[in-house]
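Below is one structure; the comments refer to it alone.
These values consider heavy atoms only, across backbone and side chains, with no hydrogens, waters or symmetry-generated copies. Whatever order the structure lists them in is the order used to number ligands and atoms, beginning at 1.
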Amino acid sequence: MVSERQLEAIKGAKVLMVGAGGIGCELLKTLALSGFQDIHIIDMDTIEVSNLNRQFLFRQSHVGQSKAKVARDAVLKFRPQMSITAHHANVKDPKFNVEFFKQFNVVLNGLDNLDARRHVNRLCLAADVPLVESGTTGFLGQVTVHVKGKTECYECQPKPAPKTYPVCTITSTPSKFVHCIVWAKDLLFAKLFGDKNQENDLNVRSSDASSSAHAEDVFVRRKDEDIDQYGRRIYDHVFGYNIEVASSNEETWKNRNRPKPIYSADVMPENLTEQNGNVAKNCVVDTSSVSAMASLGLKNPQDTWTLLESSRIFLEALKLFFAKREKEIGNLSFDKDDQLAVEFVTAAANIRAASFGISLHSLFEAKGIAGNIVHAVATTNAIIAGLIVIEAIKVLLKDTDKYRMTYCLEHITKKMLLMPVEPYEPNKSCYVCSETPLSLEINTSRSKLRDFVEKIVKAKLGINFPLIMHGSNLLYEVGDDLDEVEVANYAANLEKVKIQASSVTLCSSPPDFCCSCNDADVLLFCFFNIFSLYFMSFYYLFLSCLRCYLSFLLQLLMGQCLP
Ligand SMILES: Nc1ncnc2c1ncn2[C@@H]1O[C@H](COP(=O)(O)OP(=O)(O)OP(=O)(O)O)[C@@H](O)[C@H]1O
Ligand SMILES: [Zn+2]
């Protein structure tokens, strides 16, 4: 039951909902049924068949249409008096600027990625609009409240890094199916279909000087080479020759099962792969319909293919990429929604798994592992949507003491399935919502301004359009029309840039760098104290004891300091 006070707040509120997927559909319905009258929805996606099992505002006939618009129309059917505005667009579009955000009383996120969440967080801070953030994975979920100056912002706490695996496990000693999947998608798929120039530790010696047969880059298709031949050559190289080389290393296999090389001729008689030569080239195709499974008559994605079936899919998928999607080769990166890519990766992972004595998996399972998919649970989304609305109402009433971060747990813990926690205060050293300078240890005599911009400011801090000032001097600004000095600065190391900019050398009292971000008018100011590692290493050497110096070097070696 809602009180008069709550009802009044609900009726007068203007709400922005970002994301109309699993959480978003539930949320829009709950907002409508709770009495909200004025809602804007932003979602950049169109409806896919795979959304229909849980995004219940959508039907089969809506596949291909805008999620935001269909969600609006579905709700207007049972609440026609509501004002719902649908934006089929990316929330990062500059039209959704600070001014746009300022018109709302509260912003509710139902997103699925860090990048968009960070962007909305920064806009909400700049516009001073409260944000209710949410997320679900399977049975787990959480809702958090972010009110500028009152609670922590979405970026106050570092987010856990995605799980990674040691390179040598992936390249040489896989022991789980996930290792084979990572190898197949991040190394083999990337090597064959992605950017040829990117570094790729396939550890499969694409050239071997000691053997003339392997003196060239095997991954490059030879001039006029038949696609079947090319496929078999790749197959024999990565599953045969390379495994043979790897398995000859006695030390590695002392306590492990030695892998067995697999050559295409052992698995498939020559004629088996030629059965589908009907792949007409250069005809216009809908890439989503290109499927090696379909052309080999394999229907059920939940079946586990045999080694023979995996090998045939491997060759067929490779062939289809060259026959039907040749233009994309060189620019592809693995996408869990790309059927042919998933087929290729599943097949390659299965063949590698067979080689290493690991059990094979179905396409359905492999897709889940490759795409880090945790299958969504509709009831979790519904619970989380309900909690978002509860927090939104508290925010509208400014009931600060009642705000709660709530975790939806998988198992009952301390007699609770929903665990409410009081929100934390803003983190005083958060580079997004506080003005505390970030300390950056960097070798200023070796690192270029470009490294600082690309690797730290853009990649790590998520500032897409930075403008970097040193004092009142402009060091860097995004844009094609950089003048000569700016272009030279960009390629120069930080020490040089600094000297040119202000004639102040890096020393014990390093000056501040101000990095202001113009992302969609978000005024994010970020101050850096840049310490020169070069300077610090001498400082440690002369002013500190030897032990400190060694521990400093150790930190460097362990990668705790930025390069
Ligand atoms: N930058 C963005 N701008 C607008 N909408 C976004 C942005 N990023 C993500 N979204 C939307 O957020 C929603 C998240 O919903 P959900 O997590 O259910 O994902 P989904 O894509 O619908 O499902 P799945 O990923 O499981 O196939 C999606 O509809 C997606 O389009
Ligand atoms: Zn913060």
### Task
Go through the steps for R450 and E454 under the test salt bridge (Lys or Arg N to Asp or Glu O under 4.0 Å), then give the verdict.
CA-CA 6 Å; R450 175 191 290 124; E454 299 295 332; over 6 Å; no
### Stepwise salt bridge (Lys or Arg N to Asp or Glu O under 4.0 Å) check, D399 with R404
CA-CA 11 Å; D399 278 345; R404 291 291 176 273; over 6 Å; no
### Message
If you apply the rule side-chain contact (heavy atoms from CB on, under 4.5 Å), what do you find for L108 with V18, and how did you get there?
### Response
CA-CA 6 Å; L108 313 176; V18 192; over 6 Å; no
### Intermediate values then yes/no, salt bridge (Lys or Arg N to Asp or Glu O under 4.0 Å), K92 and D115
CA-CA 9 Å; K92 291 178 78 177; D115 188 42; 2.7 Å; yes
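Nearest protein neighbour of atom 8 (N) of ligand 1, counting heavy atoms only, is N113 ND2, 2.9 Å. Protein heavy atom in closest approach to atom 26 (O) of ligand 1: R54 NH2, 2.7 Å. Here the heavy atom of the protein found nearest to atom 15 (O) of ligand 1 is G21 CA, 3.4 Å. Of all protein heavy atoms, the one lying nearest to atom 17 (O) of ligand 1 is D112 CB, 3.3 Å. The protein non-hydrogen atom at the shortest distance from atom 18 (O) of ligand 1 is G22 N, 2.7 Å. When only non-hydrogen protein atoms are considered, atom 31 (O) of ligand 1 lies nearest to D43 OD1, 2.7 Å. Among all non-hydrogen protein atoms, the one lying nearest atom 5 (N) of ligand 1 is M44 N, 3.3 Å.
Salt bridge annotation for D338-K367: absent, with no cationic side-chain nitrogen under 4.0 angstrom from a carboxylate oxygen.
Heavy-atom separations between K67 and ligand 1 include at least one value shorter than 4.0 Å. Using a 4.0 angstrom heavy-atom cutoff, Q55 counts as in contact with ligand 1. Heavy atoms of E48 stay at 4.0 angstrom or farther from ligand 1.
Contacts of A89 with ligand 1, taken as heavy-atom pairs under 4.0 Å, involve the backbone alone.
Each of the following atoms of ligand 1 lies closer than 4.0 Å to a heavy atom of G19: 12 (O). Every atom of ligand 1 is numbered from 1 in the order shown, and the set under 4.0 Å from a heavy atom of N51 is 22 (O), 23 (O), 27 (O). Near G110, meaning under 4.0 Å from one of its heavy atoms, ligand 1 places the atoms 12 (O), 13 (C), 14 (C).
For the atom pair M17 CE and I41 CD1, the distance stands at 5.0 Å (nearest 0.5 Å). Taking NZ of K67 as the reference point, atom CG of L57 lies at 11.5 Å (rounded to 0.5 Å).
Looking at S50 next to ligand 1, no N or O pair under 3.5 Å apart turns up. For ligand 1, one of its N or O atoms has an N or O atom of N90 under 3.5 Å away. Considering backbone and side-chain atoms alike, V91 places an N or O below 3.5 Å from some N or O of ligand 1.
Annotation: side-chain hydrogen bond (donor to acceptor under 3.5 Å, both in side chains) contacts involving residues 70-82, sequence neighbours excluded, are absent.
Of the candidates V91, I23, V120, V120 is the only one forming a side chain to side chain contact (heavy atoms under 4.5 Å, CB included) with N109. With V106 as the fixed residue, the side chain to side chain contact (heavy atoms under 4.5 Å, CB included) test singles out one of V132, L131, V147, I393: V132.
The option from L111, N381, I41 that lies nearest to atom 6 (C) of ligand 1, judged by heavy atoms, is L111.
To the nearest 10 degrees, the angle centred on the Zn ion (ligand 2) between SG in C153 and SG in C433 reads 110°.
At least one donor-acceptor pair closer than 3.5 Å links the side chain of T346 to the backbone N or O of V342.
The closest side-chain heavy-atom distance from E391 to Y403 is below 4.5 Å.
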